[in-house]
2 protein chains.
Amino acid sequence: MLSKKCKYAIHALVHMARDPEEKFLIKDISEACNIPKKFLEAILLDLKRSGVLGSKQGKGGGYFLRMKPADVNLAEVVRQFDGAIALVSCAAHKFYEPCAECEDEETCTVHDAFLQIRNATVEMLKADTLESLVKKETKLKARKKR
Amino acid sequence: MLSKKCKYAIHALVHMARDPEEKFLIKDISEACNIPKKFLEAILLDLKRSGVLGSKQGKGGGYFLRMKPADVNLAEVVRQFDGAIALVSCAAHKFYEPCAECEDEETCTVHDAFLQIRNATVEMLKADTLESLVKKETKLKARKKR
DNA sequence: TTATAACTCTATTAGTTCAATAGGGATTAA
DNA sequence: TTAATCCCTATTGAACTAATAGAGTTATAA
């Protein structure tokens, strides 16, 4: 399971991607997404440090998207906050670590099984950009109205 | 990521499935799979309680597979030890819990994205039975020799 | 220039989970 | 009756999670 921090980050980003040019106050995002304000504060700061968000201090300031919604995908967000996407470390790429149980990865079918799952998951997470998520949301909401 | 407990369980089961009729000592599995003996003890007990393994006490005793290798899949093992397979609780089936951030699941694309990932993951985990894993292992080992 | 709005940063807390171990108890075979 | 083996409860220390506290910094605008 994702940490709450990661889930909060995703929801905050999607919220901001609905108005990609807008500048947002921590307080407003916090209320719109039901995220504890102080906790969100730390999250947005992390996202700023990693270059996804920009910010302006002082009165009239706020956070804004620095990257284009099409260029931010969930795989990166998950990795930033929760590390490896794979279910076992020996099947991870960016956070790879060998495991003691399967001595020979080449013939370890447990490794193999989880590698397949990792690959499929990463592929799907990469396809989920802020842009695609917001677009789909618009569609779903329109369909529901009808 | 899976807990070590879960990963240990999977490796122990695969080990036993290589000789589905055999009776195994905790000590032997522990050494074969590099799993701390006392920890493994608790794991095997859990697997016995859930009906996957059987055991015989006393001298000459040991653990053995109660279910057929083809009938034990990784989805069940993961659920037994780590709970939900989904990355967010609102996308889980057996461990479903609503989340505060997406108020309307029907139109929440975050929910939608993680539901797709969950479905694909479950499908793959279900296809990974002890039997299929051992069969594949045999193939991989034969191919490597050549 | 000063009040205020807003982000920045470090530290701390309580609670939980994880991984592993300890130390017997119960059961069976020889 | 003894040794082998599984059974069971409890405990530990470390790490992580979620959330909060509180003071610091920066920018705006009256």
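From a predicted model like this one, the values you see are computed outputs, not experimental measurements. Chain A is the first sequence line, chain B the second, and so forth, proteins listed ahead of strands; every chain is numbered from 1.
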Keeping Gln80(B) on the side-chain end and Asp46(B) on the backbone end, is there a donor-acceptor pair under 3.5 Å? yes
Quick one: does Thr121(A)'s side chain have a donor or acceptor within less than 3.5 Å of a partner on Ile117(A)'s backbone? yes
Look at the side chain of [X] and decide which nucleotide, out of [options], has an atom nearest to it.
X        : options                  : value
Ser3(A)  : dC6(D), dA18(D), dC9(C)  : dA18(D)
Lys59(B) : dA30(C), dC7(C), dA18(D) : dA30(C)
Gln57(B) : dC8(D), dG25(C), dA6(C)  : dG25(C)

May I ask you to verify if any side-chain N or O of [X] is less than 4.0 angstrom from the OP1 or OP2 atom of [N]?
X        : N       : result
Ser55(A) : dT8(C)  : yes
Lys5(B)  : dA20(C) : no
Tyr8(B)  : dA20(C) : yes

Could you check Lys37(A) against Arg49(B) and say which one's nearest nucleotide on DNA chain D is further toward the 5' end? Arg49(B)
Using the closest heavy atom to pick a nucleotide of DNA chain D for each, name whichever of Lys4(A) or Gly58(A) lands nearer the 5' end. Lys4(A)
How long is the straight-line distance from CD1 of Ile10(B) back to CZ of Phe81(B), given to the nearest 0.5 Å? 9.0 Å
Atom pair distance, as rounded to whole Å: [atom1] in [X] and [atom2] in [N]:
X        : N       : atom1 : atom2 : value
Glu31(B) : dT5(D)  : CD    : P     : 12 Å
Phe64(B) : dC6(D)  : CZ    : P     : 11 Å
Lys56(B) : dA26(C) : NZ    : P     : 20 Å
Asp46(A) : dT8(C)  : CG    : P     : 11 Å
Ile26(A) : dT26(D) : CD1   : C1'   : 14 Å
Lys38(B) : dC7(D)  : NZ    : C1'   : 9 Å
Leu25(B) : dT28(C) : CG    : P     : 17 Å
Lys23(A) : dA5(C)  : NZ    : C1'   : 12 Å

Less than 3.5 Å apart, any donor N or O on the side chain of Asn119(A) or Gln116(A) sitting next to an acceptor on the other? no
Quick one: label Lys48(A) by what it contacts on the DNA or RNA (base, sugar-phosphate, nothing), any heavy atom closer than 4.0 Å. sugar-phosphate
Name the nucleic acid region contacted by Phe81(B), choosing base, sugar-phosphate or nothing; use a 4.0 angstrom heavy-atom cut-off, strictly under. nothing
If you take all heavy atoms of Arg118(B) and Ala91(B), which pair is closest and at what distance? CD-O, 2.9 Å
For the base of dC6(D), is there a side-chain donor-acceptor partner from Glu41(B) under 3.5 Å away? no
